[in-house]
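Okay, so here's the structure we're looking at.
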Amino acid sequence: MAEEDWSEAKAWMRATRERIGMTQHDVAVLANLTVDMVKKYESEKYRIQPSDRMREMLEHYLAEHRRAVAAIVERHRGETRVTLSFSRVSDLPDDMPDWIKSESSVKRHADAVREAAVLLEAEGVAITYTYMPEETK
């Protein structure tokens, strides 16, 4: 019996995770897996079938990422110069775990901004970047 080849699925999982700004630790927490298992699911070295739970979670966040990118592009379509903003981790509440600050509020937003910038630049839009202003208390 021939071994199944999951290399395409494994490559998709890694590329998608990186595209949407998640670390292996982020995926492990959100998919209720260990970091070691995420590494194995992404590696061709291990002949194990990728996790359906991990794939479904990545599909969910990829759809969210695509919506965010599309919203940024649509907001600025037709403009010749655009300033895109990044968030700071320091702007988030102190009681949030680091992985949530990084994954949900900053890294995913930054990756959507970068992807939208590429699409806008391809349309001839000049891009500049700034950080979102810090809120005063």
Side-chain angles (χ1 to χ4, degrees):
M1 179 180 210
E3 254 184 56
E4 289 193 52
D5 181 14
W6 293 299
S7 60
E8 187 175 313
K10 289 171 176 265
W12 178 88
M13 286 185 174
R14 180 175 180 177
T16 300
R17 174 183 60 76
E18 291 176 353
R19 177 181 177 189
I20 61 180
M22 289 189 180
T23 64
Q24 290 176 330
H25 180 261
D26 297 333
V27 170
V29 170
L30 292 169
N32 197 26
L33 300 165
T34 65
V35 173
D36 190 49
M37 286 309 299
V38 172
K39 289 178 182 181
K40 288 177 181 178
Y41 289 143
E42 290 184 353
S43 174
E44 282 190 281
K45 179 176 155 184
Y46 298 94
R47 297 289 176 206
I48 58 174
Q49 182 175 2
S51 162
D52 286 338
R53 185 175 16 179
M54 182 173 155
R55 180 189 47 76
E56 290 165 4
M57 185 273 303
L58 287 171
E59 286 173 347
H60 167 79
Y61 283 100
L62 178 59
E64 185 178 282
H65 174 82
R66 286 177 174 151
R67 283 190 296 275
V69 170
I72 294 167
V73 170
E74 271 310 304
R75 187 176 320 127
H76 299 293
R77 192 170 301 277
E79 297 180 32
T80 57
R81 176 170 295 282
V82 171
T83 299
L84 298 176
S85 299
F86 287 97
S87 301
R88 291 182 177 91
V89 173
S90 61
D91 292 340
L92 302 173
D94 290 335
D95 60 344
M96 292 179 78
D98 287 342
W99 70 269
I100 290 178
K101 288 182 187 180
S102 170
E103 184 271 330
S104 69
S105 297
V106 179
K107 285 181 66 185
R108 285 199 350 250
H109 173 74
D111 285 324
V113 166
R114 281 192 292 273
E115 190 167 327
V118 169
L119 296 172
L120 289 165
E121 285 176 328
E123 294 179 7
V125 178
I127 306 291
T128 56
Y129 298 94
T130 187
Y131 283 106
M132 294 177 82
E134 293 193 44
E135 293 182 22
T136 56
K137 295 182 182 186

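These figures come from a predicted structure and were not determined experimentally.
- The salt bridge (charged side-chain N to carboxylate O under 4.0 Å, His left out) check on Lys40 picks up Asp36, with sequence neighbours excluded.
- Within the 4.5 Å cutoff, side-chain heavy atoms of Met37 are placed close to those of Ile48.
- When atom types are taken as modelled, the side chain of His109 and the backbone of Ser85 share a donor-acceptor pair closer than 3.5 angstrom.
- In the hydrophobic cluster analysis, where Ile, Leu, Val, Met, Phe, Trp and Tyr join through side-chain heavy atoms closer than 4.5 angstrom, Leu120 is grouped together with Tyr129.
- Side-chain contact between Leu62 and Trp12: present, with at least one pair of heavy atoms (C-beta onward) separated by less than 4.5 Å.
- Between His25 and the options Val35, Leu30, Val38, a side-chain contact (heavy atoms from CB on, under 4.5 Å) holds for only Val35.
- Nearest heavy atoms, Pro50 versus Tyr41: CA-CD2, 3.6 Å.
- Residues Ile127 and Val125 meet the side-chain proximity criterion, which asks for heavy atoms closer than 4.5 Å.
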Side-chain donor/acceptor pairs under 3.5 Å, residues 67-78, sequence neighbours excluded:
| unit_1 | atom_1 | unit_2 | atom_2 | d |
| --- | --- | --- | --- | --- |
| Glu74 | OE2 | Arg77 | NE | 2.8 |
| Glu74 | OE2 | Arg77 | NH2 | 3.1 |
| His76 | ND1 | Glu79 | OE2 | 3.3 |
| Arg77 | NH1 | Glu123 | OE1 | 3.3 |
| Arg77 | NH1 | Glu123 | OE2 | 2.6 |

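- Atom-to-atom distance recorded for Gln49:CD and Lys10:NZ is 9.5 Å, nearest 0.5 angstrom.
- Interatomic distance, CE of Met22 versus CG of Leu58, reported as 6.5 Å (0.5 Å rounding).
- Smallest separation of non-hydrogen atoms from Ile20 and Tyr61: CD1-CB, 3.6 Å.
- Take Arg53 and apply the side chain to side chain contact (heavy atoms under 4.5 Å, CB included) test, not counting sequence neighbours, and it matches Ala31, Asn32, Leu33, Ser51.
- Arg66 pairs by the salt bridge (charged side-chain N to carboxylate O under 4.0 Å, His left out) definition with nothing, not counting sequence neighbours.
- Distance check, rounded to the nearest 0.5 Å: CZ of Arg19 to CZ of Arg114 gives 13.0 Å.
- Counting heavy atoms from C-beta outward, Val27 and Met57 have side chains that approach closer than 4.5 Å.
- Residues satisfying the salt bridge (charged side-chain N to carboxylate O under 4.0 Å, His left out) test with Glu59, not counting sequence neighbours, are Arg55.
- Once rounded to the nearest 0.5 Å, the distance linking CD of Glu8 with CD of Glu44 reads 11.0 Å.
- Thr128 and Thr83 share a side-chain donor-acceptor pair at under 3.5 Å.
- In this structure Glu121 satisfies the salt bridge (charged side-chain N to carboxylate O under 4.0 Å, His left out) test with no other residue, sequence neighbours excluded.
- Glu42 and Gln24 make their closest contact through OE1-NE2, 2.9 Å (heavy atoms, listed as atom of the first residue, atom of the second, distance).
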Exercise for review: Evaluate the side-chain contact (heavy atoms from CB on, under 4.5 Å) criterion for residues Arg17 and Met54: first the C-alpha distance (whole Å), next the side-chain angles of each, then the deciding distance (0.1 Å), finally the verdict.
Suggested key: CA-CA 10 Å; Arg17 174 183 60 76; Met54 182 173 155; 5.6 Å; no
